[in-house]
There are 2 protein chains.
Amino acid sequence: MPIVVQKYGGSSVADVEKIRKVARRVKDTRERGYQVVVVVSAMGDTTDELLALAKQVSPDPPRRELDMLLTCGERISMALLSMALQEQGVPAISFTGSQSGIITNDAHSQARIVEVRPYRIQDELEQGKVVIVAGYQGVSYKKEVTTLGRGGSDTTAVALAAALSAESCEIYSDVDGVFSADPRVVPDARKLETLSYDEMQELASAGAKVLNAQAVEFAKAKGIVILARTAHGQGRGTAVQELVAPADTRVKGVTAEAEMAVLSASVESGRVPELLEFLDARGVRGRALAFDGLMGREGRAFIAVPLQDVHGLEALKRDVGARFGEVVTLREEVGTVTAVGAGLNADWSYLRRALGVAEELGAKVHAVHTSPLQLSLLVDKQHLKPLTARLHREFLGA
Amino acid sequence: MPIVVQKYGGSSVADVEKIRKVARRVKDTRERGYQVVVVVSAMGDTTDELLALAKQVSPDPPRRELDMLLTCGERISMALLSMALQEQGVPAISFTGSQSGIITNDAHSQARIVEVRPYRIQDELEQGKVVIVAGYQGVSYKKEVTTLGRGGSDTTAVALAAALSAESCEIYSDVDGVFSADPRVVPDARKLETLSYDEMQELASAGAKVLNAQAVEFAKAKGIVILARTAHGQGRGTAVQELVAPADTRVKGVTAEAEMAVLSASVESGRVPELLEFLDARGVRGRALAFDGLMGREGRAFIAVPLQDVHGLEALKRDVGARFGEVVTLREEVGTVTAVGAGLNADWSYLRRALGVAEELGAKVHAVHTSPLQLSLLVDKQHLKPLTARLHREFLGA
């Protein structure tokens with residue numbers, strides 16, 4: 001029997017009634033002839049509530065203990081879902097990240113999966129049970145509980161789908177797939193039927209919430225098709241897979257990232273890539289904006305960082321300062337608006353049009369970032385929504 | 001450096017401020033020259049809240065999943081306590097039951113510790129850290145998470161004290177030790193300076209809340225002195241240890257157990273001990289009250305069971321019925337009042353005096369149970385408090 005992995009996010013399991021609904025959907029899937037593995041996030045805002053509790057005790061909580069604490073969220077929802085399935089007559093069993101064989105490195109709060117040993121899962125599937133797995137967590141080779149970073153439940157789902165050679169990996173949320181923009185900001189945003197792995201990664205890196213960038217990277221490496229679907233009803237969702245059409249310069253989507261800060265670090269020009277790697281290793285998606293100084297000499301690097309990736313901004317600045325050179329916060333209350341699509345920097349027309357739109361809106365552009373897959377404008381936060389809507393109209397006609 | 005094991009109950013870690021207080025107490029203990037292992041319960045009513053959540057999903061929750069769910073309570077408090085200690089400059093690390101090497105059998109909800117392998121704890125103590133352990137839980141030899149039954153955090157503490165050859169095991173609660181009765185029912189109840197293991201076990205089995213009966217059994221087997229103390233201030237508490245004085249018939253304490261039911265089972269007389277073992281294996285403290293029938297033939301056994309030990313009364317009756325014979329609930333809304341002391345059944349005078357007191361109060365005694373360490377009267381629940389107070393006055397003079 002084919003295996004399907006389904007992942008349900010926090011709002012899909014936010015209360016007992018929603019958990020029962022998920023159980024019914026899982027039961028239906030099983031009755032259609034699948035062996036089902038379910039990955040769950042914590043109920044509702046549980047993770048944020050636990051984090052807030054920790055911060056009452058310790059403003060910059062030690063990461064190993066934070067992982068021990070935060071992993072309770074998924075344990076609660078997985079146990080309740082298992083009970084709900086059994087209550088509906090479906091044999092089920094819940095497994096922690098450790099019991100599921102999800103082995104990670106020991107980078108607490110931002111652990112990377114290094115190996116998946118799904119043997120207990122396979123045994124239980126063989127016995128006809130639905131297996132429920134706690135998302136967002138694993139165990140390190142040092143036998144410590146670890147979490148996988150924001151959106152980590154997606155990573156869990158895709159990693160399991162790959163290890164189990166699942167037929168597909170279905171990621172359920174409140175929205176029926178990936179849209180060309182956040183429908184709450186752009187009401188006419190279009191649902192995308194299909195998206196390449198690279199385009200999805202760019203959208204996720206630039207702030208789009210549907211799928212976690214690391215998960216997409218994993219899916220791409222193993223060729224797993226990801227279906228992003230709604231937990232409510234039977235929408236077809238979006239399929240994320242290998243790029244099948246030749247690269248074209250059409251903009252696929254426009255997304256915004258709010259709550260960013262611009263840091264200025266005193267560093268040698270040659271060390272800027274090292275600084276970006278340092279941030280990346282800490283799970284902070286730093287974007288280099290500019291470097292002001294002479295080649296080969298010390299100057300100032302300007303990096304935009306999303307504050308939601310940073311557990312403690314002052315601690316981060318201290319660590320970067322200790323290694324590279326003094327860091328100051330140059331600007332806060334800024335964000336980026338990013339247009340994503342293959343080949344966007346093939347000519348300057350897209351950037352020219354984007355800057356024109358920003359000028360019409362009176363939005364001062366502090367910095368610009370371009371790459372083959374996207375272009376990004378850094379503006380003050382009050383311009384994020386209007387700029388997103390106008391760029392969407394400019395590039396996608398609605 | 002000597003090792004001390006300290007256990008803090010739910011009300012002692014009920015909120016962030018109380019957790020900080022516990023951290024300060026642990027810090028002080030360490031500064032007085034001890035290596036400290038701290039066992040914590042869940043914060044406040046967390047365990048009951050999680051149980052209530054489970055029952056919303058499933059009236060008789062599957063025990064393996066219930067264990068997975070309920071163990072979150074202790075994980076939360078242990079991680080927060082570790083953060084609080086580190087915030088106060090004390091190196092600390094939290095360990096789950098599994099990481100602490102607490103190996104149990106696989107009787108979910110009522111697991112028994114079969115082995116303690118405290119090696120990781122010893123390594124961390126050697127490195128100068130305070131080690132915090134989640135109480136109430138362990139891991140079975142089948143690599144499943146298990147809980148140890150009500151009051152299980154005491155069992156964790158005593159088992160660790162034994163395995164680590166600790167100098168002492170300190171059990172902290174809201175009250176400064178073991179009293180001759182619940183001070184809320186008998187305001188003049190006396191604090192006991194010292195108590196033998198057997199007397200403490202009887203008090204605990206008959207409903208007294210301070211120490212868990214299984215923990216005392218463990219302490220007795222290994223000769224660990226238990227100090228029951230208050231978490232607030234510096235009270236000396238009660239020492240529970242080997243009986244040092246010759247057995248006398250003095251009553252040590254009077255305790256009540258409310259919320260009991262009397263079940264009547266159709267069973268052969270020779271099988272009554274087996275029935276009691278069956279209940280005991282399920283963690284239900286059944287007390288045989290009477291057997292009505294001819295020797296060697298089938299008759300009816302009357303057993304009193306505390307409802308708090310029973311997760312689902314109807315399920316229990318079905319299981320007992322399937323194995324022994326039909327079970328009906330004869331009586332509910334009853335409870336026992338028990339007087340505890342070594343040698344209480346040496347003569348009939350104590351029983352006679354107890355029955356006299358019950359008659360004065362107009363409390364009909366449905367059944368009597370005596371043993372070398374206690375005598376127990378089964379009455380309707382409205383008589384429990386008055387009878388407790390009057391028996392305390394009769395036997396302890398206040």
Side-chain angles (χ1 to χ4, degrees), chain A residues 13 15-20 22-23 42-43 46 49-88 91-96 98-99 101 119-120 132 134 139 142-145, chain B residues 13 15-20 22-23 42-43 46 49-88 91-96 98-99 101 119-120 132 134 139 142-145:
Chain A
V13 294
D15 56 44
V16 167
E17 192 41 51
K18 288 184 170 174
I19 288 175
R20 285 200 195 102
V22 167
M43 291 170 73
T46 302
E49 286 163 8
L50 288 170
L51 182 58
L53 194 55
K55 288 191 166 177
Q56 281 183 54
V57 174
S58 182
D60 189 17
R63 291 182 166 211
R64 183 223 178 251
E65 302 298 352
L66 197 55
D67 277 358
M68 187 68 82
L69 177 71
L70 296 182
T71 48
C72 287
E74 289 73 25
R75 285 171 78 109
I76 291 170
S77 45
M78 81 179 188
L80 293 176
L81 179 58
S82 181
M83 292 178 191
L85 276 161
Q86 294 184 47
E87 197 67 16
Q88 293 180 27
I93 189 167
S94 70
F95 279 152
T96 61
S98 168
Q99 292 169 322
Y119 311 128
R120 285 182 84 172
I132 304 146
V139 67
K142 291 184 184 177
K143 293 211 172 25
E144 298 278 38
V145 172
Chain B
V13 294
D15 56 44
V16 166
E17 192 42 50
K18 288 184 171 175
I19 288 176
R20 285 200 196 102
V22 167
M43 292 170 72
T46 302
E49 286 164 9
L50 288 170
L51 181 59
L53 194 56
K55 288 191 166 177
Q56 280 183 54
V57 175
S58 183
D60 188 19
R63 290 182 167 208
R64 184 225 178 247
E65 301 297 352
L66 197 56
D67 278 357
M68 188 68 83
L69 177 71
L70 297 182
T71 48
C72 287
E74 289 74 24
R75 283 170 79 110
I76 291 170
S77 45
M78 81 179 189
L80 292 176
L81 179 59
S82 181
M83 292 178 190
L85 276 161
Q86 294 184 48
E87 198 65 17
Q88 295 180 26
I93 188 167
S94 72
F95 280 152
T96 61
S98 168
Q99 292 169 323
Y119 311 127
R120 284 182 84 173
I132 304 145
V139 67
K142 292 184 184 178
K143 293 217 166 44
E144 297 279 38
V145 171

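Values reported hereafter were calculated over all heavy atoms of this structure, with side chains retained and with hydrogens, waters and symmetry mates removed. Residue numbering restarts at 1 for every chain, and letters A, B, ... go by the order of the sequence lines. Keep in mind that this is a model prediction, so the values were computed, not measured.
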key: Portion of B:Leu66 that has a non-hydrogen atom of chain A nearer than 4.5 angstrom   = both
request  = Enter the distance from A:Leu80:CG to B:Met68:CE here, rounded to the nearest 0.5 Å.
outcome  = 12.0 Å
ask   = For the residue pair B:Val57 and A:Arg20, what are the closest heavy atoms and their distance?
value = CA-NH2, 4.3 Å
key: Interchain contact, B:Ser98 with chain A, by part (heavy-atom threshold 4.5 Å)   = neither
note = Applied to residues 52-68 of chain A, the side-chain hydrogen bond (donor to acceptor under 3.5 Å, both in side chains) test, sequence neighbours excluded, yields A:Ser58-B:Glu87, A:Arg64-A:Glu144, A:Arg64-B:Ser94, A:Glu65-B:Ser82, A:Glu65-B:Ser94, A:Asp67-A:His108, A:Asp67-A:Thr147
key: Pick from A:Leu81, A:Leu69, A:Thr71, A:Thr96 with the largest number of heavy-atom pairs that fall under 4.5 Å of chain B   = A:Leu69
key: Greatest number of heavy atom pairs closer than 4.5 Å to chain A - which of B:Leu53, B:Ile19, B:Leu50   = B:Leu53
message = For chain A, which candidate among B:Ala92, B:Ser77, B:Pro62 shows the most heavy-atom pairs at distances under 4.5 Å?
response = B:Pro62
Closest non-hydrogen atom pair between B:Val145 and A:Gln99, with its separation = N-NE2, 4.4 Å
Which portion of B:Leu70 sits near chain A, non-hydrogen atoms under 4.5 angstrom = neither
